[in-house]
Amino acid sequence: MIMDRQALPYARNGEWLSVAAADLLLYAHNAGIAVSPIEAGSHPHHVRIWLLALGLFPEKWLNRLFSIGGIQMDEGMVRLRNFLPGDPVRDEAFRIAQHTLPSASASVASVPTDIETPAAEALFRDDWCLVMDKPAGMPVHASAPGQRGTLDEAAARTGLLHGDPQPAKHIHRLDDDTAGPVLYARNELAQLRLDEAMRAKVIGRQYAAVVQGIPKRKSGTVNAPIGKDRHHRSRRIVTPGGDEAVTHYETLETYRGAALVRLWLETGRTHQIRVHMSFLGHPLVGDALYGGRDAILRHQALRGEQLTFRHPWSGSEMTLQAPEPAWFAEVRRRYASL
């Protein structure tokens with residue numbers, strides 16, 4: 001169950017989330033859950049049992065908190081140790097971000113200085129989640145130990161630069177050369193809820209692409225399973241034995257020998273849009289791996305436009321739009337002028 005922040009306010013004190021027991025009880029009663037009040041100052045074991053009976057939080061999360069002494073009751077306030085700092089031993093991206101923080105006199109824009117890294121900006125940040133605008137050319141996560149310049153590193157650094165040592169765990173990914181918004185969870189409760197939302201296919205991802213040729217149908221759906229290409233390590237193909245993959249598309253503009261299309265994903269297979277549009281006979285401009293070409297662009301003309309999801313604490317509908325990259329706008333203008 002996801003809360004309504006207006007009905008269930010919380011306070012953060014360092015690592016601890018504080019919620020009034022009376023507010024929790026009222027929210028549960030409004031949801032049709034009949035539970036008796038808990039006495040102020042109850043033992044953590046009894047608080048855990050009471051919270052489980054409320055049904056407002058995942059059992060797995062509550063049990064783990066209890067195992068680390070992360071459930072307390074101070075008078076009428078339930079305290080939960082939710083906002084844990086990142087672990088630099090287990091989380092390499094977090095460790096790299098810590099080690100590359102600027103000095104007090106350095107500008108944020110100067111970080112890092114020893115590698116070529118495109119800028120990644122935060123579109124949204126709070127105690128619970130983070131949305132980063134990934135530039136083309138930046139991998140979401142490391143593919144080898146010690147790799148620098150990932151979006152995971154940039155996301156961890158964003159929190160640290162704002163004085164918040166919580167980690168950042170990506171909920172979905174984008175190909176290295178695809179630009180657009182990527183959603184991160186900043187604590188375990190948020191991650192559990194956002195992971196569940198991904199499994200339930202209720203996180204909306206909207207993309208724009210320039211494809212070769214003009215689709216015969218202005219809009220449509222590609223429902224074709226995707227699997228690995230046994231003859232090419234990096235490539236995926238439509239194959240009967242592959243994983244379910246569903247892509248919706250709509251043609252927005254047509255050019256001479258190309259079209260601008262908007263796409264929505266129901267599933268999140270590797271290279272899904274690239275594979276499905278190539279399968280239709282309309283590979284993405286610049287996408288050499290799947291039959292696309294372009295005299296100037298050296299990667300696929302694909303960007304994430306918009307991300308929609310329910311906030312993991314408040315339940316509010318969130319809509320984040322990424323600005324159009326200059327290179328994508330240039331591709332559209334170039335094809336429109338042909």
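FYI, side chains are in, hydrogens and waters are out, and symmetry mates aren't considered; it's all heavy atoms of this structure.
Taking 4.0 Å as the cut-off between side-chain N and carboxylate O, K169 and D91 count as a salt-bridged pair. Contact check on R12 versus D164 returns a salt bridge, with a Lys/Arg side-chain nitrogen under 4.0 Å from an Asp/Glu carboxylate oxygen. E196 has no carboxylate O lying under 4.0 Å from a charged side-chain N of K60, or vice versa, which leaves the two without a salt bridge. E92 has a carboxylate O that lies under 4.0 Å from a charged side-chain N of R95, or vice versa, which qualifies the two as a salt bridge. Taking a cutoff of 4.0 Å between a charged side-chain nitrogen and a carboxylate oxygen, R81 and E15 qualify as a salt bridge.
Put simply, the side chain of L151 does not reach to within 4.5 Å of the side chain of R173, judged on heavy atoms. Residues V202 and R310 form no side-chain contact, since every pair of their non-hydrogen atoms from C-beta on lies 4.5 Å or further apart. Taking the side chain as every heavy atom from C-beta outward, I71 and L80 approach each other to under 4.5 Å. Side chains of L123 and P323 form a contact here, defined as non-hydrogen atoms less than 4.5 Å apart.
Scanning both residues, G291 and Q212, for their nearest heavy atoms gives O-NE2, 4.1 Å.
A distance-only check finds a donor-acceptor pair linking the side chain of D87 to the backbone of V89 [under 3.5 Å]. With N187 contributing its side chain and A190 its backbone, the two residues share a donor-acceptor pair below 3.5 Å. Formation of a donor-acceptor pair under 3.5 Å by the Q166 side chain with backbone atoms of D127 is found in this model. A donor-acceptor contact shorter than 3.5 Å is absent between the side chain of N63 and the backbone of F66.
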Decide yes or no on side-chain hydrogen bond (donor to acceptor under 3.5 Å, both in side chains) for H311 and D126, but give the supporting numbers first. CA-CA 10 Å; H311 190 278; D126 70 1; 2.6 Å; yes
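Looking at H271, R274, Q300 one by one, the single match for side-chain hydrogen bond (donor to acceptor under 3.5 Å, both in side chains) with T178 turns out to be Q300.
Taking the six-membered ring where tryptophan is involved, the planes of F57 and W313 are essentially parallel, since the angle between them stays under 30° and well short of 60°.
Aromatic ring centroids of W16 and Y10 lie 6.0 Å or more apart.
With 3.5 Å as the limit, one finds no donor-acceptor pair spanning the side chains of H276 and Y249.
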